[in-house]
2 protein chains.
Amino acid sequence: MGLTKTEIFTDQQNEISLFAKVLGHPARVAILQHLFKTNSCVCGDLVNEIGLAQPTISQHLKELKYLGLIKGNVEGTSVCYCINTHNWTAMKTVMTAFLNQDITENQDCC
Amino acid sequence: MGLTKTEIFTDQQNEISLFAKVLGHPARVAILQHLFKTNSCVCGDLVNEIGLAQPTISQHLKELKYLGLIKGNVEGTSVCYCINTHNWTAMKTVMTAFLNQDITENQDCC
DNA sequence: TTTACTTATTGCAATATTACGATTAATGTT
DNA sequence: AACATTAATCGTAATATTGCAATAAGTAAA
């Protein structure tokens, strides 16, 4: 099937998994790290920085944009991409809450 | 192709994306949340709790185990699964460091 | 307007993921 | 041993993802 049954999970579970999924590819991790490092960036830079073809990078950027983690503005013939700090912070809040679930002393039972 | 070019990324980028990837399915998020909530759990409980078939749950458990986030011990005819707190903490450290990258004031340039 | 430059989109091939029925393996019970 | 119970594995179908060549679309400069 390859089709995730999202309807049987809570909105929260689906939200966490969607955020995690978009971070689940090293190219997208690399893109985000590069945007954090340089503050501002055009797509061409990313094609040079990362070793993937331009259409591939463009596709990854599209996914990051769809989830709202980055935004892009046209600047002449190129496009300036950067982190959407508001949405990044919101994502961080969701993910951190999940990662910081209480590990009680009863864990590691087996 | 469907084949990720891991060789062109850093070990850190690949590690982050692997952790994120395993969290990138709501069933695995739900399994982890259930293990956190109950401290100890057999697979049968998870099949009842989550609405997926037993082989599907078993497959998701296998992936979580492969990444080291959970461990399972045989207890009679059933298997007791629980969070591997040591590895969970290690994963949390890696992911938190990525999520907490500095957002400088120069961000949101576009 | 022609040319150059940059990014997006399309189309496609290859691999990966998700899900589950059927079966197997492993253990406990009678 | 025969049976019951539980989880893992196998096999398979359907969908998703990744990657890129080719092309299109958009803007700037000559």
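All chains are named by letter (A, B, ...) in the order of the sequence lines, taking the proteins before the strands, and each is independently numbered beginning at 1.
Within residues 7-33 of chain A, the residues approaching DNA chain D are A/K21, A/H25, A/R28, by heavy-atom distance under 4.0 Å. Of all the residues in residues 43-54 of chain A, A/C43, A/G44, A/Q54 reach under 4.0 Å from DNA chain C with at least one non-hydrogen atom.
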Please walk me through it: do A/L32 and A/L23 pass side-chain contact (heavy atoms from CB on, under 4.5 Å)? CA-CA 9 Å; A/L32 291 166; A/L23 301 180; 3.6 Å; yes
Verdict with supporting geometry, B/S17 and A/V29, side-chain contact (heavy atoms from CB on, under 4.5 Å): CA-CA 7 Å; B/S17 66; A/V29 169; 4.2 Å; yes
Worked verdict on B/K71 versus B/K65 for side-chain contact (heavy atoms from CB on, under 4.5 Å): CA-CA 6 Å; B/K71 48 184 173 178; B/K65 201 173 178 183; 5.6 Å; no
Go through B/L69 and B/N84 one step at a time and tell me if the side-chain contact (heavy atoms from CB on, under 4.5 Å) criterion holds. CA-CA 5 Å; B/L69 297 184; B/N84 183 324; 6.0 Å; no
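The phosphate of D/dT17 has neither OP1 nor OP2 within less than 4.0 Å of any side-chain N or O from A/H60.
Comparing A/T56 and A/T6, the nucleotide of DNA chain C nearest to each residue sits closer to the 5' end for A/T56.
With hydrophobic clusters built from ILVMFWY side chains whose heavy atoms lie under 4.5 angstrom apart, B/Y66 shares a cluster with B/W88. Cluster annotation: B/L64 and B/V42 are assigned to distinct hydrophobic clusters (Ile/Leu/Val/Met/Phe/Trp/Tyr, side-chain heavy-atom contacts under 4.5 Å, transitive).
In terms of modelled atom types and a separation under 3.5 Å, the side chain of A/T93 and the main chain of A/T89 share a donor-acceptor contact. Checking side-chain atoms of A/N14 against main-chain N and O of A/T6 turns up a donor-acceptor pair under 3.5 Å.
Atom P of nucleotide D/dT6 and atom CG of B/L61 are separated by 16 Å, given to the nearest angstrom. In this structure, the CG atom of B/L64 is 12 Å from the P atom of D/dA8, given to the nearest Å. We find that NZ of A/K5 is positioned 15 Å from P of D/dA14, with the value rounded to whole Å.
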What's touching nucleotides 28-30 of chain D from the protein side, N or O pairs under 3.5 Å?
none

Write out a two-atom table: protein N or O, nucleotide N or O from nucleotides 11-14 of chain C, distance below 3.5 Å.
residue: C/dA13; atom: N1; partner: B/M1; partner atom: N; Å: 3.2
residue: C/dA13; atom: N3; partner: B/M1; partner atom: N; Å: 3.2
residue: C/dA14; atom: N3; partner: B/M1; partner atom: N; Å: 3.3
residue: C/dA14; atom: N3; partner: B/M1; partner atom: O; Å: 2.2
residue: C/dA14; atom: N3; partner: B/G2; partner atom: N; Å: 3.3

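Comparing atom distances between the B/P55 side chain and each of D/dA22, C/dA22, D/dA7 picks out C/dA22 as nearest. Of the candidate nucleotides D/dA8, C/dA8, D/dT6, D/dA8 has the atom nearest to the side chain of B/Y81.
Between B/H25 atom NE2 and B/H60 atom NE2 the span is 4.0 Å, to the nearest 0.5 Å.
Listed by first then second residue, pairs satisfying side-chain hydrogen bond (donor to acceptor under 3.5 Å, both in side chains) with a partner in residues 45-58 of chain A number zero, not counting sequence neighbours.
Pairing each heavy atom of A/V22 with each of A/E63, the nearest pair is CG2-O, 4.0 Å.
Base engagement by A/S58 is indicated by at least one non-hydrogen atom pair under 4.0 Å involving a base atom.
Within a 6.0 Å sphere centred on CG of A/D11, heavy atoms belonging to other residues, nucleotides or ligands number 12 at most.
Residues passing the ring-ring contact (aromatic ring centres under 6.0 Å, His included) test with B/F9: none are found, sequence neighbours excluded.
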